[in-house]
Amino acid sequence: FFIVTDPVTGCMSPQGRLFFGAGSGFLTVLLTGIGGVADGLPFAVLSMNIAAPWIDRHTRPVRRQQELQP
């Protein structure tokens, strides 16, 4: 449980964190259920850590310029 919630690993944006958690859960179920790997969680988290910069790049919040008041 604490591997996935470590603040050092993972994404920075809130939407990226959601994708990171969902991807970790999906890969864990895939690796342990279908693949038969006993320790699926560490492999899933490592795989999602590799994808974290890509997820952050695509889920970055858009900054809007503030309009000047007259």
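Just so you know, residue 1 is the first one in the sequence shown, and it goes up from there.
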Item to check | Single-linkage hydrophobic cluster V45~I34, side-chain heavy atoms < 4.5 angstrom | outcome: yes

Checklist entry - Could you give all pairs that pass the ring-ring contact (aromatic ring centres under 6.0 Å, His included) test and reach residues 6-53, with sequence neighbours left out? => result none

Checklist outcome for this item: From the list L27, T28, L31, side chain to side chain contact (heavy atoms under 4.5 Å, CB included) with S47 holds only for L27

Item to check | Nearest heavy atoms of M48 and S24, plus distance in Å | outcome: CG-OG, 3.4 Å

Donor-acceptor pairs are to be reported for all side-chain atoms of residues 52-59 against protein atoms at under 3.5 Å, with residues two or more places apart or in another chain.
from, atom 1, to, atom 2, distance (Å)
W54, NE1, H58, NE2, 3.0
D56, OD1, M12, N, 2.9
D56, OD2, M12, N, 3.4
T59, OG1, S13, OG, 2.9
T59, OG1, I55, O, 2.7

